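Take a look at the structure set out below.
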Amino acid sequence: MTSNIAIESRDFSHFFGPLQTLKKINLQVFRNEILGIIGPAGSGKSTFLRSLNRLNDLVPGSRVEGTLKIDGKDIYAPDMSVVELRRKLGIVFATPVPLPRSIYENVAFGPKMAGVHSRRKLNELVADCLKQTTLWEEVKDRLDSSALKLSGGQQQRLCVARILALRPDYILLDEPCSGLDPISTMKIEESLRELKKQYTIILVTNNTKQAARVADRTAFFLSGEMIEIGQTEKIFTAPVDQRTNDYIVGRFG
Amino acid sequence: MYVNPRLEQRVVQSILWLFTAITVFILFYIIFFILKNGLPVLNYQFLTTNPTDMGKSGGIYSTIIGTIALTIGAILIATPLGVGTAIYLTEYTLESKITRVIRFGSECLAGIPSIIFGLFGFILFVTKLKFGWSILSGSLTLAFMILPTIIRTSEEALKSVPYNLREVSFSLGGTKWQTVTKVVLPSALPGIVTGVILSVGRSISETAAVIFTAGSALRIPTSIFSSSRTMAVHFYILAREGISMPNAYGTAAVLIIAILIINITAYRLMHKFMKKYS
């Protein structure tokens with residue numbers, strides 16, 4: 001199981017009722033890389049991300065075809081534990097959604113639901129995860145105050161800390177910086193480069209420059225299809241497909 | 001026919017103002033009337049001694065206890081049933097024929113006159129199940145009566161919890177039940193509590209449903225199988241039988257003050273709740 005392929009999507013399609021949102025996606029994600037997914041709104045990049053931890057299951061009328069393997073296991077197989085899967089693939093959403101609880105309780109939420117109740121363990125975990133997202137120094141004196149009082153950038157880093165507390169193998173980011181200022185964005189990107197050492201990261205973004213800055217490889221999605229995937233440098237300098245080129249230079253999107 | 005717009009505006013405004021004034025006037029007149037007639041007999045002794053001579057003299061202590069016992073019983077029965085139904089409707093099913101039937105049923109339940117509830121409770125709990133005229137029979141009957149209110153308000157409160165909080169809980173590896181109990185219910189709690197408090201007001205003032213099921217015995221209830229008289233029933237009997245009008249008004253005054261306090265509390269809670277989530 002030391003295969004370098006972490007995620008493998010083979011002819012994977014997704015439907016919302018009669019609407020096909022993903023068309024036979026074929027791609028692989030390697031261990032400890034940052035895969036950037038770019039594409040205009042409605043291209044299916046978020047749907048693909050949410051298929052990976054089966055969050056789409058929550059939407060009525062959601063249906064899949066083809067296979068999606070994570071660590072060699074078909075995640076849509078009937079014996080798959082969705083709860084375990086979601087712990088393994090932590091997701092960060094476009095807008096930070098702190099739970100209406102304290103900073104501490106936000107980070108401890110996942111572990112607590114997984115059955116960790118030892119106060120000492122939780123304390124260590126919370127401190128550790130907040131340090132990894134460089135939030136610790138800013139909030140260490142007010143862990144018990146409401147998470148809703150943090151600034152937007154801090155809230156988003158809290159959301160990253162919250163999924164780190166799950167001890168996941170993968171981090172999925174769904175346009176994590178779309179609502180943030182450049183400095184907060186820079187801080188998030190910095191922590192991504194650091195996190196890459198331990199995690200496999202998929203970054204969905206509609207900011208092509210962000211993909212160029214942090215992704216090792218980049219995939220371009222358009223209207224539910226994956227048009228092209230390759231080394232970020234190559235995608236941005238010498239794309240094979242004309243549509244990729246048009247999108248990157250800003251002819252549409 | 002041409003009407004000067006400014007004149008039209010004036011006339012319409014005056015008529016609407018008059019309607020509002022009449023409504024408010026009626027409300028305040030009722031409260032004023034009850035308090036004017038009731039307050040003179042209201043004192044510490046009136047609240048803390050038992051009625052004597054069929055209520056002609058003495059206070060209303062036992063009826064206050066009876067009212068509280070019945071209300072607590074009704075709330076204890078109706079809250080889990082109502083909140084449970086609301087959770088089922090909002091969290092565990094999709095909008096379908098079945099949920100529409102459940103919702104329609106609960107709305108019809110709200111429209112049934114309370115005397116029908118009283119008769120139903122009398123036949124089922126008092127005679128068929130042999131609970132007799134008792135706190136238990138009365139509480140069960142009241143519980144069915146306030147159930148629609150609790151279901152409706154709880155449903156609204158649960159629906160107002162943003163969807164993405166649920167999504168976050170699921171994405172952090174929460175099960176459905178953990179999501180409902182740890183994320184959704186805490187956020188919806190103020191709204192649910194408001195509904196429960198409004199139901200308390202309704203239970204306290206109910207007469208018809210209670211007189212058939214809890215009886216009208218003038219003594220302090222000792223168990224859930226004792227019969228008991230509530231304040232509203234006490235007022236009804238005192239006034240109808242012409243036993244003592246001053247004591248009837250005294251009871252009414254206590255009732256009205258209690259309901260005012262409860263409604264103001266509920267209103268405040270609701271206000272606080274809306275401010276927090278808007």
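Remember, predicted model here, so these are calculated numbers, not experimental data. Within every chain, numbering begins at 1; the chains are lettered A, B, ... in the order of the sequence lines, protein sequences first and strands thereafter.
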Check: Are more than 12 heavy atoms from other residues, nucleotides or ligands located less than 6.0 Å from atom OH of B/Tyr92?
Finding: yes
Note to self: Go through it in stages, so that I can follow the logic: the residues are B/Val168 and A/Arg162, the test is side-chain contact (heavy atoms from CB on, under 4.5 Å), and I'd like the CA-CA distance, side-chain angles, deciding distance and then a yes or no.
What the structure shows: CA-CA 10 Å; B/Val168 163; A/Arg162 191 166 65 184; 3.4 Å; yes
Notebook entry, point to check: How long is the gap from CG on B/Leu172 to NZ on A/Lys112, to the nearest 0.5 Å?
Noted result: 13.5 Å
Note to self: Looking at every heavy atom in both B/Leu94 and A/Pro60, which two are closest together, and how far apart are they?
What the structure shows: CD2-CG, 3.8 Å
Checklist line | Distance in Å, B/Phe170 CZ paired with A/Arg54 CZ, rounded so as to fall on 0.5 Å steps | finding: 13.0 Å
Notebook entry, point to check: Who among A/Leu148, A/Asn53, A/Ile91, A/Leu99 has the most heavy-atom pairs with chain B under 4.5 Å?
Noted result: A/Leu99
Note to self: Counting only heavy atoms from other residues, nucleotides and ligands, does the tally under 6.0 Å from CZ of A/Phe30 exceed 12?
What the structure shows: yes
Note to self: I'd like to verify something: which residue of A/Arg50, A/Glu84, A/Lys88 has the highest number of heavy-atom pairs under 4.5 Å with chain B?
What the structure shows: A/Arg50
Note to self: Taking atom CZ as the centre, does B/Arg152 end up with more than 12 heavy-atom neighbours from other residues, nucleotides or ligands that are less than 6.0 angstrom away?
What the structure shows: no
Next item on the list: Taking all heavy atoms of A/Arg101 and all of B/Lys182, pick out the closest pair and write down the distance.
Entry: NH2-O, 2.6 Å
Notebook entry, point to check: Quick check: are there more than 12 heavy atoms from other residues, nucleotides or ligands sitting under 6.0 Å from NZ of B/Lys176?
Noted result: yes
Note to self: Just verifying a value: how many Å separate B/Ser171 OG and A/Leu166 CG, rounded to the nearest 0.5 Å?
What the structure shows: 8.0 Å
Next item on the list: Pick whichever of A/Leu172, A/Val97, A/Thr95, A/Leu85 has the most heavy-atom pairs under 4.5 Å with chain B.
Entry: A/Val97
Margin query: At a 4.5 Å cut-off on heavy atoms, which part of A/Pro98 comes close to chain B: side chain, backbone, both, or neither?
Written below: backbone
Margin query: Taking atom CG as the centre, does B/Leu260 end up with more than 12 heavy-atom neighbours from other residues, nucleotides or ligands that are less than 6.0 angstrom away?
Written below: yes
Next item on the list: Determine whether more than 12 heavy atoms belonging to other residues, nucleotides or ligands lie under 6.0 Å from atom OH of B/Tyr163.
Entry: yes
Note to self: Please determine whether the number of non-hydrogen atoms from other residues, nucleotides or ligands lying under 6.0 Å from atom NZ of A/Lys121 exceeds 12.
What the structure shows: no
